[in-house]
Amino acid sequence: MPVWWDKLSGRTKDSEANCLEGSSPKNEKKRGKGKRDCEVKSFEEILVLPQSRNSPRNSRDFSAVGRCSGFSGFDSASSLDRAHPLPLPLEPPSDQPGPVGFVSGSGSVSSLSSSGSYDDPAHVLDQNGFRGHVENRVLSPLSRSPGRGSRCISTGTSPIHSRTNVNNLDCSNGKLEDGRNEWHKLPRPPGSIVSPSPSYSPRSPGTPESSGGISSKWRKGKLLGRGTFGHVYLGFNSENGQMCAIKEVRVVSDDPSSKESLKQLNQEIALLSRLSHPNIVQYYGSDLSEDRLSVYLEYVSGGSIYKLLQEYGAFAEPVIQNYTRQILSGLAYLHGRNTIHRDIKGANILVDPNGEIKVADFGMAKHVWIVSSSMLSFKGSPYWMAPEVVMNTNGYSLPVDIWSLGCTVLEMATSKPPWSQYEGVAAIFKIGNSKDVPEIPDHLSADAKSFIRQCLQREPSARPTASQLLGHPFVRNQSTPKATNVNITREAFPRAFDGSRTPTALDMQSSRMNNLDQDDASRLVGVRTFTCPRDNVRAIASSLPVSPPSSPLRRDATAHKNFFLSPPHPSYAVVKSTLTHTNNLVHPFRPNTRSTFDPWHEIPLFRGEAPVKSSSRTLL
Ligand SMILES: Nc1ncnc2c1ncn2[C@@H]1O[C@H](COP(=O)(O)OP(=O)(O)OP(=O)(O)O)[C@@H](O)[C@H]1O
């Protein structure tokens, strides 16, 4: 559980106990005083409280208003805008890397409803049936120990195990003070991460724990970059020499843009805290201090693809192949967890000095959620945006990332995103209203062209999935041991690795290519004559997080639209029908099948297939 959680939730033994006894309406009626104690304030309520009364600028005061174990969201008025409760990451028992603790007894799922988290797409069961960080709250022994009037026995020698840091998950032995075993072990969900604390690094085993809370472990260093939602600094742990990236958003109680930034960062935490993959930037932990929310992330020192392109120009094809394969690998993992990134572009893909790719910036990411009604918002960066996002007719789903990947491959090949010859608004209409696909440069190999064409199919259902694309010859024909990554990357960007230039992060700020500028915004607002996507463009203008925080696009970001998602990606159905017609094939998308059939050879195989009908609707 992050250090700040208790600050926010203001747990007391009594209130916690009442909360943990279950918060079903039935129980709440029974509990009387307990109900009052357990009353959950939305984060919005917390943020708008007058300074004189429980000022949120003072973290102690958060505790006075944020009772129990959660809050219902930043904007309780809108189910779409309902924020994710800040996640409660778990520290893995040091001696038990596999299983996680499970709280038995009264720390029931029903207590979770008080946080409103059931309404939250990021808290639904993933395809493996695991509940992500909602369950973390249940799983954490600490989430209930205070409420039971007991505290955990600390077995660690580090001050991290002190009582003041109970929320740092010090109950690794699963025992309460009185020696009772209060939790039992469950198998860890596949792909789940149970220890997103900064001291945990899956690729740096044996990292010693440091004293104090999460924030006290890290000293803030130089500015690495600025994003739409805050600043990113280098963090250094002077006890163990480890580095991290600290993404910070300021908490300003009555500032809507601060609220939006917090919401966005909160969403990023919610998703990232459940992910662990070599090609996805690793989440370490988070902390809410008096006036800012900080997220601790794996530090990726090479900068983004966008930045490398700005500095060194277009990449050679082997580099593109290598990076693309790694991005795909990250996407396949993400999509396998029904999560859409929604903002794949060079600026959000980081490269480490070994040439290892890390997909970053999950502020836009969403869990695909099957529900009876749905709402989607326009999100993404215009030049990388899939047509279905612009058109907003049938909703969208995982294939939007595949389109954006195609755009990113073009970006790597030309150092510019597709449609870059058009102004932002014109590009949006080009994407949404025309039948054109971006130009593919002649100098690319046939495999590269074929790969890009596959990604940039206007019909989302025709786009192969990330897993399928991993079998495409463009990325399949690589041997990519780590050393190869290093060599390819060193060769392509010698100065990035010889110390002759340390790229500054400030020059990473968004360019016109990445973001609509203010002029674009005014023009967007003024658009009246377009027929088809006019409403969509308006919605984009008001909800796209593609402009600087000061832009009216950001300040007036209120519009969201209701619509239903496309049916599930039907590529597998297409494959199935293909198999019916081509007897021998076992799996046409994997190399070395019995047939010599190459699914990537020609596109028409995927064309003209009607989407599989589905009655389910998906919420983003
Ligand atoms: N893990 C990291 N390691 C190193 N640098 C990072 C890391 N995360 C972010 N940065 C730097 O900070 C910059 C801004 O980060 P990021 O894009 O995540 O912020 P954001 O507010 O979410 O941005 P956006 O405007 O794209 O939504 C990046 O371009 C990069 O230079």
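Each ligand, and each atom within it, is numbered from 1 in the order the structure gives. Counting from 1, the numbers follow the sequence of the chain as shown. None of the values given here were measured: they were computed from a predicted structure.
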Check: Between W403 and E388, does any side-chain donor sit less than 3.5 Å from a side-chain acceptor?
Finding: no

Note to self: Can you tell me if K247 contacts ligand 1 (heavy atom of the residue under 4.0 Å from the ligand)?
What the structure shows: yes

Which of the atoms in ligand 1, numbered in the order shown and given with their element, are less than 4.0 Å from a heavy-atom of [X]?
| X | value |
| --- | --- |
| V281 | 1 (N) |
| E298 | 1 (N), 2 (C), 3 (N) |
| Y299 | 3 (N), 4 (C) |
| N348 | 17 (O), 26 (O) |

Checklist line | Minimum heavy-atom distance Y233-E248, with the two atoms named | finding: CE1-OE1, 3.5 Å

Next item on the list: Identify the two heavy atoms, one from K345 and one from T408, that lie closest to each other, and give their separation to 0.1 Å.
Entry: CA-OG1, 3.5 Å

Item checked: Options I349, L350, L265, V300, ranked by nearest heavy atom to atom 7 (C) of ligand 1, top entry -> L350

Next item on the list: Going by heavy-atom distance to atom 12 (O) of ligand 1, choose the closest among I246, L234, L297, V232.
Entry: V232

Next item on the list: Begin with the C-alpha distance, continue with both residues' side-chain angles, and end with the deciding distance and a verdict on side chain to side chain contact (heavy atoms under 4.5 Å, CB included) for I269 and L293.
Entry: CA-CA 11 Å; I269 294 169; L293 171 61; 4.2 Å; yes

Checklist line | D343 contact mode with ligand 1 (heavy-atom cut-off under 4.0 Å) | finding: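 Near ligand 1, D343 shows nothing, with every heavy atom at 4.0 Å or more.
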
Checklist line | Electrostatic pair K217:D287 at N-O distance under 4.0 angstrom | finding: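 Salt bridge flag = no for D287 with K217.
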
Check: Is the backbone of I402 close enough, under 3.5 Å, to the side chain of R463 for a donor and an acceptor to pair up by distance?
Finding: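 No; judged by distance alone, with no hydrogens or angles, the pair does not exist.
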
Margin query: With respect to S301, determine whether any N or O atom, backbone or side chain, lies less than 3.5 Å from an N or O atom of ligand 1.
Written below: no

Next item on the list: Mind telling me whether Y296 and W218 have parallel, tilted or perpendicular rings, with 30° and 60° as the class edges?
Entry: parallel

